[in-house]
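Chain letters run A, B, ... following the sequence lines, proteins first and then strands; every chain starts at 1.
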2 protein chains.
Amino acid sequence: MTDTPPRPEDQADRFTRAREVQAVALLEDYVEMIGDLIAEMGEARVADLAARMGVAQPTATKAIARLKREGLATARPYRGVFLTEAGAALAERVRARHRVVVELLIALGVPEKVAELDAEGIEHHVSDASLAAFEAFLRARG
Amino acid sequence: MTDTPPRPEDQADRFTRAREVQAVALLEDYVEMIGDLIAEMGEARVADLAARMGVAQPTATKAIARLKREGLATARPYRGVFLTEAGAALAERVRARHRVVVELLIALGVPEKVAELDAEGIEHHVSDASLAAFEAFLRARG
DNA sequence: AATGCTCTATAGCCAAGGCTTCATTTTGAG
DNA sequence: CTCAAAATGAAGCCTTGGCTATAGAGCATT
Ligand SMILES: [Mn+2]
Ligand SMILES: [Mn+2]
Ligand SMILES: [Mn+2]
Ligand SMILES: [Mn+2]
């Protein structure tokens, strides 16, 4: 019955962390998608980015502005979006993590379509420690 | 090399879903916490709620206003916050899902502290289908 | 019963991330 | 070349979810 009540600050850390993750989740998805578009089509146009992200074009433009502000991307007006070195590195990490999360879900018996949907949100909250555990688990069962 | 490019709308669904989940994540954490406080202390005061969520008191007040608007909670000024039936039901579901996610992470070899941190964000993106798969996996390995 | 302390509400600010509408630049068809 | 269509940028609106500062209500201790 009478558990020791948790120290409020400790509990708050969990939510603070989740909020911080949330703040970068959008950037992560955008750099990954910009990388995809460049790989698939040779360039990342604002319109394509917006279509793939499921937002209106000005929303994508605003996101790109934030990517530029954070040093993750550059853009030449009417020409397309490009990743900086930092952006490309982030994209690579994000893509790898995304893949691992999808594979883990599938390995746990989640239907592929559902795995793809859930992973898009889950991935951002997966710490390096958890990611390592996921990879070890996947390796251990070939 | 030349994969068939994904249909943009299909890909967009993933992000749309993640955005929808995000919109309710905060409500889920609040109702769960309100339930915790009532269970532990007999009542949920705004100040305690704010401390546990790691936000300033007016931020908690504003969140409570949204809970009321959505029919999940009621509040008597200067008296505390209460869950409606819908709120209590949501809290119960959220609590159960939270527990399963933490247990899964631990079962996969994630350190307990890390599991608690990561789960707080991951849980909201875990669909019913994934949750069922997680439970099956946990059951299968006792 | 008074009064001070604690808790809560209110007001007002900011940034992020959606949106629509409209102006401007590029592009490409004829 | 021209000029209309398409793409992009710019402006301005909304909601959410943070914050600080301050006013007011409730409570407890004398
Ligand atoms: Mn994602
Ligand atoms: Mn992703
Ligand atoms: Mn949570
Ligand atoms: Mn939770």
Side-chain angles (χ1 to χ4, degrees), chain A residues 8 12-34 37 41-82 120-121 124, chain B residues 8 12-34 37 41-82 120-121 124:
Chain A
D13 287 345
R14 303 206 314 258
F15 300 104
T16 302
R17 217 296 215 87
R19 282 194 297 270
E20 289 166 355
V21 163
Q22 170 55 28
V24 294
L26 193 88
L27 301 181
E28 292 183 342
D29 284 335
Y30 269 91
V31 295
E32 185 182 0
M33 183 62 77
I34 291 169
L37 284 172
M41 327 234 265
E43 62 178 354
R45 305 301 298 240
V46 174
D48 296 330
L49 206 38
R52 295 259 191 123
M53 299 303 293
V55 297
Q57 165 260 310
T59 301
T61 297
K62 199 179 283 191
I64 293 165
R66 195 176 155 210
L67 290 177
K68 289 194 276 188
R69 220 186 319 138
E70 311 252 352
L72 296 170
T74 60
R76 309 213 322 269
Y78 291 92
R79 282 303 148 68
V81 187
F82 312 89
E120 198 58 71
H124 307 282
Chain B
D13 286 346
R14 304 206 315 258
F15 300 104
T16 302
R17 218 293 218 89
R19 284 194 297 270
E20 288 166 356
V21 163
Q22 170 55 26
V24 295
L26 192 89
L27 300 180
E28 292 183 342
D29 283 335
Y30 268 91
V31 296
E32 185 182 0
M33 185 61 77
I34 291 168
L37 284 171
M41 328 235 265
E43 62 178 355
R45 305 300 298 243
V46 174
D48 296 329
L49 205 38
R52 295 262 189 119
M53 299 302 292
V55 298
Q57 165 259 308
T59 300
T61 298
K62 201 179 284 192
I64 294 165
R66 195 176 155 211
L67 290 177
K68 288 195 275 189
R69 222 186 319 136
E70 311 250 352
L72 296 170
T74 60
R76 308 213 323 269
Y78 291 92
R79 282 304 146 72
V81 188
F82 312 89
E120 199 57 74
H124 307 282

Counting only side-chain nitrogens and oxygens, does [X] get under 4.0 Å of the OP1 or OP2 atom of [N]?
X: B/Arg69; N: D/dT15; result: no
X: B/Arg66; N: D/dG17; result: yes
X: B/Thr59; N: D/dG17; result: no
X: A/Arg19; N: C/dA16; result: no

> Nearest heavy-atom pair of B/Arg79 and B/Glu43: which atoms, and what distance?
Replying inline: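 Closest pair (atom of B/Arg79, atom of B/Glu43, distance): O-OE1, 3.9 Å.
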
> Shortest non-hydrogen contact from B/Arg66 to B/Ala23?
Replying inline: NH2-O, 2.9 Å

> The side chain of A/Val46 lies closest to which of these nucleotides: D/dC27, D/dG9, C/dG18?
Replying inline: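 Nucleotide nearest to A/Val46's side chain: D/dG9.
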
> Is there a donor N/O on one and an acceptor N/O on the other, under 3.5 Å, for the side chain of A/Gln57 and the base of D/dA7?
Replying inline: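 Flag unset: no donor-acceptor pair detected.
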
> Is there a donor on the side chain of A/Tyr78 or the base of C/dT27 sitting less than 3.5 Å from an acceptor on the other?
Replying inline: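 By the distance-only test, no, there is no pair.
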
> Can any side-chain N or O of B/Arg19 pair as donor or acceptor with the backbone N or O of A/Gly54 at less than 3.5 Å?
Replying inline: yes

>> Strictly distance-based, threshold 3.5 Å: is any side-chain N or O of B/Arg69 a donor or acceptor partner for the main-chain N or O of B/Ile64?
In response: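 No, B/Arg69 side chain to B/Ile64 backbone: no donor-acceptor pair under 3.5 Å.
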
> Under 3.5 Å, is there a donor-acceptor pair linking the side chains of B/Thr16 and B/Glu20?
Replying inline: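 There is no such pair between these side chains.
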
>> If you assign each of B/Gln22 and A/Thr61 to its closest nucleotide in DNA chain D, which residue comes earlier from the 5' end?
In response: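 Closer to the 5' end of DNA chain D: A/Thr61.
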
What is the distance from [atom1] of [X] to [atom2] of [N], rounded to the nearest Å?
X: B/Met53; N: D/dG17; atom1: CE; atom2: P; answer: 11 Å
X: A/Tyr30; N: C/dG17; atom1: OH; atom2: C1'; answer: 9 Å
X: A/Lys62; N: D/dA10; atom1: NZ; atom2: P; answer: 13 Å

Select base, sugar-phosphate, or nothing to describe what [X] touches, counting heavy atoms under 4.0 Å on all strands.
X: B/Ala56; answer: base
X: B/Arg76; answer: nothing
X: A/Pro58; answer: base

>> Assuming nearest nucleotide by heavy-atom distance, tell me which of A/Glu70 and A/Arg45 is located more 5' along DNA chain C.
In response: A/Glu70

